[in-house]
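Here the structure comes first, spelled out in structure tokens, and everything after it is commentary.
Every chain is numbered from 1, with letters handed out A, B, ... down the list of sequences.
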Protein chains: 2
Amino acid sequence: MQSRTHVTLEDVARAADVSLATASRALNGMRVTPQLRDRVLAAAARLAYTPNAHARALAGASHRTVGVICHDVTDPYFAAVAGGVMRVAGANDLLVMLGSTFRDPEREIAYVSMLRAERAPAILLIGSGFEDPRWERALEAELKPYLDGGGRVAVVSRHRSLKVDSVLPENRAGAAALARALLGLGHRRFAVLAGPRALTTVTDRFGGFRDELAAAGVTLDPAQVVEGPFTRDGGYQAMTALLTRGLDATCVFALTDVMAIGACAALRDHGLAVPDDVSVAGFDDIPIVRDLTPALSTVALPLHQLGEKAMEMALTENTGRRRRILRMSGEVVLRGSTAKVDAR
Amino acid sequence: MQSRTHVTLEDVARAADVSLATASRALNGMRVTPQLRDRVLAAAARLAYTPNAHARALAGASHRTVGVICHDVTDPYFAAVAGGVMRVAGANDLLVMLGSTFRDPEREIAYVSMLRAERAPAILLIGSGFEDPRWERALEAELKPYLDGGGRVAVVSRHRSLKVDSVLPENRAGAAALARALLGLGHRRFAVLAGPRALTTVTDRFGGFRDELAAAGVTLDPAQVVEGPFTRDGGYQAMTALLTRGLDATCVFALTDVMAIGACAALRDHGLAVPDDVSVAGFDDIPIVRDLTPALSTVALPLHQLGEKAMEMALTENTGRRRRILRMSGEVVLRGSTAKVDAR
DNA sequence: GCGCTTTCAGTAAGCGCTTTCAGAATGTTA
DNA sequence: TAACATTCTGAAAGCGCTTACTGAAAGCGC
């Protein structure tokens, strides 16, 4: 920018007839004779002076903009977590730079690199990692010098290979609890709408669910498991694929609520009623699912808290020698989308 | 940050045994002997060098972080618009700094001030203005020197008093069209869930609706109009208030989809069915309303485009002498939440 | 009233980078 | 080979700010 040139501290100092140092001190609330301070403040106001944050950062003052990177702000899950982050950031007088990668690893790394260049005091990564471990490693390589330089990194629900402070939902336990609840309703034949295998979120939720089923003597037919991206349309398509191929289940577990929403739409479009023909359960408890008809059964995660805790972690020094891991448990919430079934 | 000190260009230059200038040129892709360039690049990679964005900005290189301010990232409306903004920003290799004010004017002004300090090349304001015109004026005062300094400001759906480039949804026309459609279904008695009177979004949508009704000889009973904040809970409470006071309408128009969602929940909690007992219509067409049961009738705004166009506006020079205003029209979409009614 | 400490303003040295300018090195033409 | 044009590199001057460091003025005890 700067087609015209800006008002600088020097202009203020000259207008107030004091030295640069005095002007700086007055503006930063350090001890200065009241009379001089007033003159400086008045001059600054008159000239609509705004300090140049870059010059300030360069000269040593610490910089108050933290970076938050997520896959897609448009996704209610990320929006909710980001909301939590922003609340804590705001309370600490920090600005946040929120980036959406749209699931493009290159863009994610570019974001980290720019944040690094900005000398942001903290970077938060929200959401599952990448399918390709090479990207995960590239990210790690980008993060390493940042951490070495004193940067703080915290992560929400991310691939564990990243050795940084993390807030991790108890995906496995949550999915297991859900399985138990669903078994309790009498379901024995399940279908699962899964996501990319490489994501720990997927392996944990899917694994927890499958293992709990197995423990109860119920096996999950691999033909009833479909993969799709973690989006509404991904859920819709996965469900449609399953329907086309032949659905053989009384209950569908979608690994995320967003997918579950898509699944319900697909079911409806195929003339099947939820929960009368098929029960559907999700995971996350994004706010909207309460207002669906029927309301979605799911595993409720404290989404806001996920973000808040991550931000808090990034803001406090890690005094221990190991990375901190905060596990947050989910709670099964059975609502209208899952019905009882006669166990046969 | 910087507990430890950072790798600087000087370190790279020394490692590559060239001058600072040469290192800078090599890194910025300017003409340098291939051999030297390789040496510099290799050294930079070896040292994990990241240029300091502040130093760079200070030294004159333009800064690539734009600011976007909205009320609440958690609201699907803002998320959708912000998504559009980010897409265009990403395509132009810009980082966006997304701030959530949570409807606090002071925070909004603080954001603008920080963005100004950062010398962000552009600031985007998304969403309705404030109820108190004094805040609006304070904001204007903050924006003025920014604009004078060459900053770009664009606004989506904002109080018109701000004399900056704007993307404005055709709220009045959209609401009028909706009124016509609803009349066409036979409705004659309406209730409206409105927002704060001071917002132009409210006066336009409400005014357009009421006037069109009036033109058709239908008057809107003031007792059937309730105000509430533009949130899901705001809609829920407004609807509940109306229900308690006595609903006398066959159709409820909520000024935003988010409110409509709350209204539907309130209706349901009162044992009323949508649309059999009452029809409900919203405004905006946020993505989720398609997946509600019944799907919500609404006025569809091109939300993504709102953000995209605003970003584009902020990116292109305004060659004319007047501020640019881009009006985007909405389209009535009748879905399951509105039913036909015998006009009596 | 004289040395002493204590305030407080001013001078100047960077922070890490870009860029102008001048000079060295190379290539071109007669 | 001399004279000149053409690259390309390096030295150095800032960008706007913070912050030692320095020195002047003022307050203190004796």
Side-chain angles (χ1 to χ4, degrees), chain A residues 1-41 43-44 47-64 114 116-120 145 149-150, chain B residues 1-41 43-44 47-64 114 116-120 145 149-150:
Chain A
M1 109 182 207
Q2 276 106 326
S3 52
R4 272 168 260 192
T5 178
H6 266 226
V7 176
T8 73
L9 185 60
E10 196 182 344
D11 299 327
V12 175
R14 200 176 313 125
D17 194 30
V18 296
S19 74
L20 250 118
T22 305
S24 172
R25 281 190 280 250
L27 259 2
N28 289 303
M30 309 182 72
R31 290 196 63 78
V32 173
T33 310
Q35 183 196 349
L36 286 190
R37 197 194 29 147
D38 291 349
R39 243 160 59 199
V40 172
L41 263 34
L47 300 176
Y49 168 72
T50 306
N52 182 320
H54 297 299
R56 198 172 233 183
L58 193 55
S62 81
H63 183 189
R64 309 206 54 86
M114 294 186 81
R116 200 143 85 80
E118 298 276 351
R119 300 298 187 261
Chain B
M1 108 180 206
Q2 275 105 326
S3 53
R4 271 167 262 191
T5 176
H6 265 232
V7 177
T8 72
L9 186 59
E10 196 182 346
D11 298 327
V12 176
R14 199 176 314 125
D17 194 30
V18 297
S19 73
L20 256 144
T22 304
S24 172
R25 283 190 278 250
L27 258 3
N28 289 302
M30 308 181 72
R31 289 195 64 79
V32 173
T33 309
Q35 183 195 351
L36 285 191
R37 197 194 29 150
D38 292 349
R39 243 160 60 199
V40 172
L41 264 33
L47 300 175
Y49 167 72
T50 308
N52 182 320
H54 297 300
R56 198 172 233 182
L58 194 56
S62 80
H63 184 190
R64 309 208 54 88
M114 294 185 81
R116 200 143 85 81
E118 297 276 352
R119 301 296 187 264

Could you tell me how far apart [X] ([atom1]) and [N] ([atom2]) are, to the nearest whole angstrom?
{"X": "B:M30", "N": "C:dT19", "atom1": "CE", "atom2": "C1'", "answer": "8 Å"}
{"X": "B:N28", "N": "D:dT9", "atom1": "CG", "atom2": "C1'", "answer": "16 Å"}
{"X": "A:R39", "N": "C:dA9", "atom1": "CZ", "atom2": "P", "answer": "10 Å"}
{"X": "B:H6", "N": "C:dG16", "atom1": "NE2", "atom2": "C1'", "answer": "12 Å"}
{"X": "B:L27", "N": "C:dT18", "atom1": "CG", "atom2": "P", "answer": "8 Å"}
{"X": "A:R25", "N": "C:dA9", "atom1": "CZ", "atom2": "P", "answer": "7 Å"}

Terminal axes of the helix from C:dG1-D:dC30 to C:dA30-D:dT1 (5 end pairs apiece), angle rounded to 10 degrees, sit apart by 40°
Assuming nearest nucleotide by heavy-atom distance, tell me which of B:R31 and B:G60 is located more 5' along DNA chain D.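 That would be B:R31.
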Is there a donor-acceptor contact under 3.5 Å from the side chain of B:R116 to the main chain of A:T50?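 Not at all, since once roles are kept as given, no pair shorter than 3.5 Å links the two residues.
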Under 3.5 Å, side chain of B:H63 to main-chain N/O of B:E118, donor-acceptor pair present?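 Side chain of B:H63 to backbone of B:E118: a pair is present.
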Within the pair [X] and [N], is there a side-chain N or O less than 4.0 Å away from OP1 or OP2?
{"X": "A:S24", "N": "D:dT18", "value": "yes"}
{"X": "B:N52", "N": "C:dC15", "value": "no"}
{"X": "B:T33", "N": "D:dT9", "value": "yes"}

Contacts to DNA chain D from residues 9-20 of chain B, heavy-atom cutoff under 4.0 Å, which residues? B:V18, B:S19
Heavy atoms from C-beta onward define the side chain here; which of [options] lies closest to that of [X]?
{"X": "A:T22", "options": "C:dT18, C:dG10, D:dG16", "result": "C:dG10"}
{"X": "A:V32", "options": "D:dC17, C:dA9, C:dC17", "result": "C:dA9"}
{"X": "A:T8", "options": "D:dC17, C:dT19, D:dC15", "result": "D:dC17"}
{"X": "A:L36", "options": "D:dG16, C:dT18, C:dA9", "result": "C:dA9"}

From CA spacing to verdict: side chain to side chain contact (heavy atoms under 4.5 Å, CB included), B:N52, B:T8: CA-CA 8 Å; B:N52 182 320; B:T8 72; over 6 Å; no
For A:L58 and B:R56, take the nucleotide of DNA chain C holding the closest heavy atom to each; which residue's nucleotide lies nearer the 5' end? A:L58
Under a 3.5 Å threshold, yes or no: a donor from one side chain and an acceptor from the other, between A:H6 and B:R119? yes
